[in-house]
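A short write-up of the structure that comes next.
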Amino acid sequence: CRDLAALAHADGRLDAAQHWTERALAIDEERGHTPGIAVAQSWDNNVLLATEGSGSQGDFLTAVSPRAALGFRDRLSTFQLDYRGSYQLYQDLSALNAFDQRLNLQYRRRLSRTVSFIATNSLSKSPSTDDVDIPDVVFRRQGVLMNDLRAGLEARLSARTTASGDYTFQWLKFDDTGFPSPVEEL
């Protein structure tokens, strides 16, 4: 860049040289966001997973999946936030409708040429179907809220060797359905 500035100064174009020098030395930075939605419909001829001859019931299932991503990257850091949802809507068996949500966060910060700090967090909420009342069918889905947090360091020891260590914290909360929690039984 200094050679470019000296050459441009010799030609009497110092302003242009300063512009390109500043641009070459500027911190490269990227930002982005990505919204989206997917919609699908299908026919399920055995929604309740009934055995042959026991009167299986069919229904249309409409799935709507909104999503969004937000990201930022500069010379030393990377940040990404990602959301995904899923609505499952039945036409006749509306008691089986469900909404699942997932949120992920990732952060990375380079502390030196060989060491980076890394943190991730995943949060998910899955629905409970404890109130489903379909005659002659035992159908139950345990709802849960889960958070998984990880943070640590990663060191590049050589071109092909990396050492890392992290701390993981997981938290689960099951919906109160009147049934014992699988975690409480442990």
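Sequential numbering from 1 along the given sequence is applied to the chain's residues.
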Taking the side chain as every heavy atom from C-beta outward, state whether Tyr107 and Thr78 have any pair of such atoms under 4.5 Å apart. no
Below 4.5 Å, heavy atoms only, C-beta onward: do Asn97 and Gln88 meet side chain to side chain? no
Nearest 0.5 Å please: distance from the CD atom of Gln41 over to the CG atom of Leu89. 10.0 Å
Got a donor-acceptor contact below 3.5 angstrom from the Arg156 side chain to the Arg113 backbone? yes
Apply side-chain contact (heavy atoms from CB on, under 4.5 Å) to the pair Asp100 and Tyr87, showing each step before the final yes or no. CA-CA 7 Å; Asp100 185 65; Tyr87 290 96; over 6 Å; no
Cluster membership besides Trp43, Ile/Leu/Val/Met/Phe/Trp/Tyr side chains within less than 4.5 angstrom, sorted by chain and number, is Phe60
Gap between atom OH of Tyr83 and atom CG of Leu103 - 0.5 Å precision: 8.5 Å
Supply the atom-to-atom distance Arg102 CZ to Arg84 CZ, rounded to the nearest 0.5 angstrom. 10.5 Å
Please tell me whether Gln106 and Thr120 have a donor and an acceptor in their side chains that are separated by less than 3.5 angstrom. no
Nearest heavy-atom pair of Ser116 and Arg110: which atoms, and what distance? OG-CA, 3.8 Å
In sequence, state the C-alpha distance, the side-chain angles, and the governing distance for Glu154 and Phe117, and then conclude on side-chain contact (heavy atoms from CB on, under 4.5 Å). CA-CA 6 Å; Glu154 180 180 271; Phe117 170 75; over 6 Å; no
Check Ala68 against Asp82 and note the closest heavy-atom contact, atom names and distance. O-OD1, 3.3 Å
Can you check whether Leu145 reaches Trp171 side chain to side chain, under 4.5 Å on heavy atoms? yes
State yes or no: do Ile118 and Phe79 share one hydrophobic cluster built from I, L, V, M, F, W and Y residues joined by side-chain heavy-atom distances below 4.5 Å, directly or via other members? no
Nearest non-hydrogen partners of Leu157 and Ala163, listed with the distance: CD1-CB, 3.9 Å
Heavy-atom distance under 4.5 Å between the side chains of Asn104 and Asn121, does that happen here? no
Checking Asp59 side chain against Leu93 main chain: does a donor-acceptor pair fall under 3.5 Å? yes
Please check if any side-chain donor atom of Arg109 sits under 3.5 Å from a side-chain acceptor atom of Ser77, or the reverse. yes
Which value, rounded to the nearest 0.5 Å, describes the distance between Leu61 atom CG and Gln91 atom CD? 10.5 Å
Between Gly85 and Phe99 the two heavy atoms that sit nearest each other are CA-CE1, 4.3 Å
What pairs with Asp148 under side chain to side chain contact (heavy atoms under 4.5 Å, CB included), at least two apart in sequence or on another chain? Ser122, Arg150, Thr168, Gln170
Is any side-chain heavy atom of Arg108 closer than 4.5 Å to a side-chain heavy atom of Gln80? no
Quick one: does Leu153's side chain get under 4.5 Å of Leu111's, heavy atoms only? yes
